[in-house]
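One-based numbering, in listed order, for ligands and for the atoms of each. Below, each value reflects all heavy atoms present in this structure, side chains not excepted, and no hydrogens, waters or symmetry copies.
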Amino acid sequence: MVRSSALRFWVQCVAVSAALFSSENVLAQKSLKEAYKDFFPIGVAVAPRNLSGPESDLIKKQFNSITPENAMKMGPIHPEQNRYNWKDADAIVAFGQQNGIKVRGHTLCWHNQTPKWFFTDSLGKQVSREELLARLKQHITDVMTRYKGKIYAWDVVNEAVPDTSNSIYRASKFYQIIGPDYIEKAFEYAHAVDPEAKLFYNDYNTESVAKREKIYQLVKKLKDKNVPIHGVGLQAHWSIYEPTQAELEKSITQFASLGLAVQITELDVSVYPKEHERREKKTNDTSTFTAEMEQKQSAHYKMLFDTFRKYKGTVTGVTFWNVSDKSTWLDNFPVPNRKDYPLLFDQNYQPKKAFDGVVNF
Ligand code: GLA
């Protein structure tokens, strides 16, 4: 009897100290923004629904930069020629201001999620080069003026380079109607509105040899013409299988050789091999986060952040695309209804194994 109550007491003591130890551990754990305060801001893409409740607490604790995931894209913010929808973008900028969090703007000119009206007149006919340039200028001027001084960096042109084909320009409506100089015009319009804002060209698949080279040619032409561009955004929609450290270093150094900053603008590390085109779910597409995936993802995140730190001064920002594994755009892309686990926080907003290797160095 005496022995068993002593044993019970001992077991309780062990349990209590284990709990204390682990909660102290959580408290003692550095946040992302503290760990990187001498390197670069750590950002996250947000929607208005993330700005209250547990996600908002997580954002305030871990991040010191935010990017509107969708709210500033051409379609959502400018659905009709004479109507802007400022509500969501205003809420995100106000959240940043209230909490001392920087805001990155995304994005002023993109071939995707552009409203139809942009390219057609009232009779449904395609607009002229002059008209499209005038609309682009108006759009950039209105959006940037509203947030002038509150947004420190903008993705001015997004994804203007194709993955395949030999051309360095994607055959978008902007390209077809205006010609390749729509890109430099967009940067010039943006710089005229806010000369303080850092202006970026942003794209994905930037570690593919062919695409990196095309992006390099594109931004080099801009630099040679003294177009006001300050950096290249590597979207960084990567996976546990790519890129290699050498591929990543090549992208960073090649763009930096033009005197440009590099920002990691949309980071996620999918646990599946990377695919850039939408496709249907197949029978062997499972949605389990295996121990092997967890291991690979931790090693990959560690390598990525080791590399970002190595290029301190060139890499001037790192932004994650979504807050936690609870819900991310990769749950529905490229395969609808296949759950992905690409971020540093799990479905209960707790730091994953990969988090440790990112904050402890
Ligand atoms: C691209 C865009 C982002 C976003 C992602 C998917 O990377 O730049 O704005 O749409 O696709 O969420």
Side-chain angles (χ1 to χ4, degrees), residues 43-50 55 65-79 85 88-89 92-93 103-115 118 139-140 143 147 151 153-163 170 172-174 183 186 190 198-208 211-212 214-215 218-219 231-239 242-243 251 262-272 274-279 304 317-343:
V44 60
V46 296
R49 66 170 188 284
N50 305 128
E55 294 187 342
S65 175
I66 48 176
T67 301
E69 180 180 4
N70 287 298
M72 290 182 186
K73 291 175 180 171
M74 298 177 104
I77 207 167
H78 199 171
N85 170 20
D88 289 357
I92 293 169
V93 173
V103 184
R104 272 194 106 252
H106 175 81
T107 172
L108 296 168
C109 178
W110 187 26
H111 66 282
N112 226 334
Q113 298 188 34
T114 318
F118 226 93
H139 172 82
I140 291 176
V143 175
Y147 301 116
I151 293 191
W154 271 100
D155 292 328
V156 178
V157 176
N158 198 33
E159 304 180 355
V161 173
D163 291 287
R170 185 187 288 275
S172 68
K173 280 233 161 15
F174 288 111
I183 300 172
K198 299 287 178 226
L199 305 181
F200 284 79
Y201 173 74
N202 193 50
D203 214 327
Y204 65 92
N205 211 6
T206 44
E207 289 61 55
S208 121
K211 194 160 173 194
R212 180 199 292 122
K214 287 191 277 187
I215 296 171
L218 184 148
V219 288
V232 175
L234 313 185
Q235 286 189 2
H237 291 299
W238 291 325
S239 99
E242 66 171 89
S251 295
V262 171
Q263 293 203 345
I264 308 301
T265 55
E266 306 185 15
L267 176 60
D268 41 36
V269 176
S270 170
V271 298
Y272 307 110
K274 200 74 218 166
E275 293 171 89
H276 294 291
E277 301 296 329
R278 187 177 289 282
R279 69 162 171 84
L304 294 174
V318 175
T319 294
F320 289 84
W321 208 244
N322 298 132
V323 182
S324 81
D325 288 352
K326 188 174 184 76
S327 125
T328 91
W329 74 290
L330 294 171
D331 294 336
N332 284 303
F333 185 88
V335 181
N337 290 318
R338 181 186 63 175
K339 178 91 194 114
D340 206 336
Y341 307 87
L343 298 164

Exercise. Distance only, no hydrogens: is a donor on one side chain within 3.5 Å (strictly under) of an acceptor on the other, for D155 and Q263?
Worked result: no

Problem set entry | Test item: D331 side-chain N/O and K339 main-chain N/O as donor-acceptor pair under 3.5 Å | no

Exercise. Should the heavy atoms of other residues, nucleotides or ligands under 6.0 Å from NZ of K326 be counted, would the total exceed 12?
Worked result: no

For this session: State whether the side chain of D325 and the backbone N or O of L343 hold a donor-acceptor pair below 3.5 Å, judged by distance alone.
Result: yes

Problem set entry | salt bridge (Lys or Arg N to Asp or Glu O under 4.0 Å) partners for E275, two or more places apart | R279

Problem set entry | Y201 side chain to A160 backbone, donor-acceptor under 3.5 Å | yes

Report every pair formed by an N or O atom of ligand 1 and a protein N or O atom separated by less than 3.5 Å, giving atom names and the distance to 0.1 Å.
{"unit_1": "ligand 1", "atom_1": "7 (O)", "unit_2": "Q235", "atom_2": "OE1", "d": "2.8"}
{"unit_1": "ligand 1", "atom_1": "7 (O)", "unit_2": "H237", "atom_2": "NE2", "d": "3.1"}
{"unit_1": "ligand 1", "atom_1": "7 (O)", "unit_2": "E266", "atom_2": "OE1", "d": "2.4"}
{"unit_1": "ligand 1", "atom_1": "8 (O)", "unit_2": "H106", "atom_2": "NE2", "d": "3.3"}
{"unit_1": "ligand 1", "atom_1": "8 (O)", "unit_2": "N158", "atom_2": "ND2", "d": "2.9"}
{"unit_1": "ligand 1", "atom_1": "8 (O)", "unit_2": "Q235", "atom_2": "NE2", "d": "3.3"}
{"unit_1": "ligand 1", "atom_1": "8 (O)", "unit_2": "E266", "atom_2": "OE1", "d": "3.4"}
{"unit_1": "ligand 1", "atom_1": "8 (O)", "unit_2": "E266", "atom_2": "OE2", "d": "2.8"}
{"unit_1": "ligand 1", "atom_1": "9 (O)", "unit_2": "K73", "atom_2": "NZ", "d": "2.9"}
{"unit_1": "ligand 1", "atom_1": "9 (O)", "unit_2": "H106", "atom_2": "NE2", "d": "2.5"}
{"unit_1": "ligand 1", "atom_1": "10 (O)", "unit_2": "K73", "atom_2": "NZ", "d": "2.7"}
{"unit_1": "ligand 1", "atom_1": "12 (O)", "unit_2": "W321", "atom_2": "NE1", "d": "3.0"}

